[in-house]
Amino acid sequence: MILREGSQHYEKISWDDVFKIAETAFSQQPDRIASYSSGRSSNEAAYLLQLMMRAMGSNNLADCSDLCHVPSTVGLKEIFGSGTSMVSLEGLKKADCVVLVGSNAPANHPRLMNELIQLRDRGGRIIIINPQIEIGLVKFSSPAFPIKSLLKGGSQVSSLYLQPIPGSDAALFIAIQKSLLEQNFAKLDYLKNYTEGWEEVISFAQNTNWERLTETCGLSHEEIEEVAYTIGTSQNVVFSWAMGITQHKNGTDNVRAIANTALIAGQAGREGAGTMPIRGHSNVQGFGSMGVTTRLSDDLKQALEKLLGQSLTLNEGYDARGLMEAADTGKIDTLFCLGGNFYAANPDLLQAERALGQIETIFYVATKPNLGHFHGLGHKQTLVLPVFNRFENPHKTTTESGNNYVRLNNIGKTHLKGDLISEVALIVEIAHRIHGEKPIAWGQLNNTDYVRSLISETISDYKDLTTKDKESKEFLIENRIFTEPKFPTDSGRAQMSVVPLPVLKTPELSLFKLPENVKAIAVILGSGRSYAQHNTVVYREADKYRNMPHRHCILLNSADIKKAGFIPHQRVTVQGDRHHLENIEIIPGAIREGVAFMFYPEANCLFSATTDPDSSIPAFKRVPIAIYAP
Ligand SMILES: Nc1nc2c(c(=O)[nH]1)N[C@H]1C(S)=C(S)[C@@H](COP(=O)(O)OP(=O)(O)OC[C@H]3O[C@@H](n4cnc5c(=O)[nH]c(N)nc54)[C@H](O)[C@@H]3O)O[C@H]1N2
Ligand SMILES: Nc1nc2c(c(=O)[nH]1)N[C@H]1C(S)=C(S)[C@@H](COP(=O)(O)OP(=O)(O)OC[C@H]3O[C@@H](n4cnc5c(=O)[nH]c(N)nc54)[C@H](O)[C@@H]3O)O[C@H]1N2
Ligand SMILES: [Mo]
């Protein structure tokens, strides 16, 4: 479909006309062309996307990981030389302690829950760190354990549940380091043999006083000692985290602080132990491996230059936030979105709408309609192009899981009638029209066997892809799993560095221009997912686990409700630095005092969000808001 300038509705368009528009749109200056992608497509489509963009001379490869796990990739690469999980699924089965930080796995990673239940069954311990008590992290009914679910109402998950102040995790992990040192659980020989920079890290922890640490994270000395004791007395500890860690203005520091803690405890580079970020989209990690990033590695750059027979003089490249800012200042002519919802996934929806409105042509390659197709409209034309999802493709594809497994998807079928195309065919046709047969035979790339041969030629972690492909086998990217404390850094040692304590300001009402004489309170908002949505696509209105009956709710601690003079279920206005939402129902919940929770993407209209200087991720999990009763 196409929505043309001045028109009020989309109209049908032929594929041939789509490609004609694409030919013009992609002939703009390379730095004015950009892509955004979401990790649901195959490795093959991802590889072709970056190849097409880079062959045009553009490095503007924004990706949903820029809003998701980029701090994990940046932090882990710096410390261990590899940006993914170092723990394999088999390894996880040997752990006897998991520290799960900032994750609502029962809703978002249900398969991990079975591993956690089994760990508890073999006598292991699970430490949960989350400002909100997520009911499924306390007790979880897994379909894999029906008897327990029936007789006991589910399996016990948490051994210890800590509710820190949002955004303070770096301070908490420094405190855990301090306690590990004090209780003689720190592995100094390990640090001497396998790491660098450890002296500064431990002396920073030793020299930071307890009062500052406990005040910053809002937890007691005893709670922290118990965490350190549990880690120190466990054999194999896995440190695992999701958006509660990354989506902060010091998201990369949070990751560094966790990695430093794992190293001080000697819990990295051994089977059953280590750092394990829990990924978002099913193939978001594959997109990173395929080079869909503005942070192109030197190895891949050289390999692509060889393949393309041209030197890649690339611009710095816009990541997701950079792209939005560039669009807002009129620097983008063409945007190609391979999946996702670039509009609603970003903070400050008013800006998003305005910024996208300055782009001449936007292509939304999609499997389902979403908010962006209605609010993220281009200036001259917006195209919504329907594609097969990755199980419906007329060719084989591959994906990569968060545990570093590469899997082959067979040829599939679709139940949809209509004029759908595969993502591979779409990208190949555009690239072919722009580049012809030079320097590679773009026309032949419709054959995904050929794409896989180029992947294995250029991407070292995938060098075995073509052989494994013939054997139709899934395979592990082995050099990312560390069973010995030797890491792929220049010196082979983990690179530790001091993480500064976060300085967290409690939000104040004076920050907001509120009407006079209203009952009001300022709190920290963290936005996240309900139990019935997949990112910006909402499947059901209610979140029964949090007692939130619809999307227009705010979860608050009862003490805050009382302090402000509100009552449960009252309707209030929520005010951020950008916009407000009216008629929001107050729901009392098991969330830390001073903290509120709302659903995304609705909450994204409220705030602008600061960004992490090391990764440019927006701080979705710590936004100052005011709540008032009009
Ligand atoms: N069903 C389903 N599955 C999904 C998704 C989905 O939308 N639906 N989305 C996928 C994607 S892309 C992703 S990235 C993942 C997201 O998976 P999660 O990261 O689990 O999702 P969020 O809802 O963002 O939850 C973050 C958790 O962090 C906690 N938290 C908030 N602030 C802090 C903090 O400062 N410190 C700590 N320690 N915790 C904090 C919140 O209370 C919440 O429990 O799930 C993936 N899987
Ligand atoms: N406030 C707040 N904002 C957030 C977050 C938060 O926690 N709080 N989380 C952030 C995170 S972690 C993420 S990952 C982003 C999510 O950002 P995105 O990945 O951009 O958003 P999604 O909602 O996952 O995208 C859904 C759309 O993808 C398309 N799609 C699905 N499968 C396929 C496929 O196989 N091929 C193609 N071409 N299209 C497909 C469908 O059309 C669907 O409408 O949001 C971020 N924004
Ligand atoms: Mo994500």
Side-chain angles (χ1 to χ4, degrees), residues 15-28 30 33 35 37 41-61 283 286-287 289-293 296-297 299-314 334 336 338 363 365 385 387-388 390 393-400 406 408-412 420-470 472:
W15 281 110
D16 198 44
D17 287 341
V18 170
F19 291 120
K20 279 190 191 126
I21 290 173
E23 266 180 74
T24 317
F26 282 100
S27 306
Q28 307 293 337
I33 300 172
S35 69
S37 45
S41 312
S42 62
N43 285 333
E44 288 73 7
Y47 184 81
L48 288 171
L49 173 70
Q50 61 87 37
L51 194 64
M52 172 179 86
M53 293 291 290
R54 294 210 165 102
M56 288 176 199
S58 173
N59 191 35
N60 297 332
L61 287 146
N283 195 36
F287 269 70
S289 298
M290 293 301 112
V292 179
T293 170
L296 181 63
S297 70
D299 285 0
L300 184 53
K301 181 164 185 262
Q302 277 168 21
L304 291 176
E305 283 180 337
K306 202 169 145 212
L307 176 72
L308 293 170
Q310 72 190 61
S311 84
L312 291 180
T313 42
L314 297 170
T334 301
F336 184 81
L338 188 67
F363 299 91
V365 181
L385 308 177
V387 287
F388 299 122
R390 65 167 203 265
N393 278 314
H395 46 241
K396 284 192 206 165
T397 54
T398 57
T399 52
E400 177 186 321
V406 180
L408 199 66
N409 300 308
N410 273 320
I411 294 173
L420 278 73
I421 195 172
S422 82
E423 293 172 309
V424 165
L426 173 64
I427 298 171
V428 164
E429 182 61 31
I430 295 174
H432 194 206
R433 290 194 184 210
I434 306 276
H435 301 295
E437 291 293 320
K438 281 189 192 144
I440 40 177
W442 290 95
Q444 282 178 39
L445 284 164
N446 251 322
N447 176 351
T448 54
D449 286 336
Y450 182 36
V451 182
R452 280 188 287 282
S453 75
L454 296 187
I455 292 173
S456 72
E457 201 179 309
T458 47
I459 295 183
S460 57
D461 280 352
Y462 275 68
K463 62 179 186 309
D464 297 333
L465 179 64
T466 35
T467 35
K468 304 278 181 187
D469 180 21
K470 293 212 174 65
S472 279

Return the minimal non-hydrogen interatomic distance between K396 and R452, and the atom names on each side.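 Shortest heavy-atom separation between K396 and R452 comes out as O-NH1, 3.1 Å.
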Would you check, one step at a time, whether the test side chain to side chain contact (heavy atoms under 4.5 Å, CB included) holds for N409 with T399? CA-CA 8 Å; N409 300 308; T399 52; 3.7 Å; yes
E437 side chain near H432 side chain, heavy-atom distance below 4.5 Å: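 Yes, side chains in contact.
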Before accepting this row, confirm whether a basic side-chain N of the pair R433/D16 lies closer than 4.0 Å to the acidic partner's carboxylate O.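 Looking at R433 and D16, the cut-off is met.
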Indicate whether the side chain of [X] and that of [Y] have a donor and an acceptor atom separated by less than 3.5 Å.
{"X": "Q28", "Y": "T334", "answer": "no"}
{"X": "T398", "Y": "Y462", "answer": "no"}
{"X": "E44", "Y": "T397", "answer": "no"}

Quick one, F26 with F363, criterion ring-ring contact (aromatic ring centres under 6.0 Å, His included). Give me CA distance, side-chain angles, the key distance, then yes/no. CA-CA 11 Å; F26 282 100; F363 299 91; 5.8 Å; yes
Please lay out, stage by stage, how D464 and V406 fare under the test side chain to side chain contact (heavy atoms under 4.5 Å, CB included). CA-CA 11 Å; D464 297 333; V406 180; over 6 Å; no
Checking the side chain of S27 only, and the main-chain atoms of E23 only, is there a donor and an acceptor separated by less than 3.5 Å?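 Looks like yes, one N/O pair under 3.5 Å.
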Okay, side chain of T293, backbone of L296: is any donor-acceptor separation there less than 3.5 Å?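 Judged by distance alone, no pair lies under 3.5 Å.
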Starting from the C-alpha separation in whole Å, work towards a yes-or-no answer on side chain to side chain contact (heavy atoms under 4.5 Å, CB included) for V424 and L445. CA-CA 8 Å; V424 165; L445 284 164; over 6 Å; no
Of the options L61, L48, N59, which is the one that meets M53 in a side chain to side chain contact (heavy atoms under 4.5 Å, CB included)?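 Among the candidates, only L61 passes.
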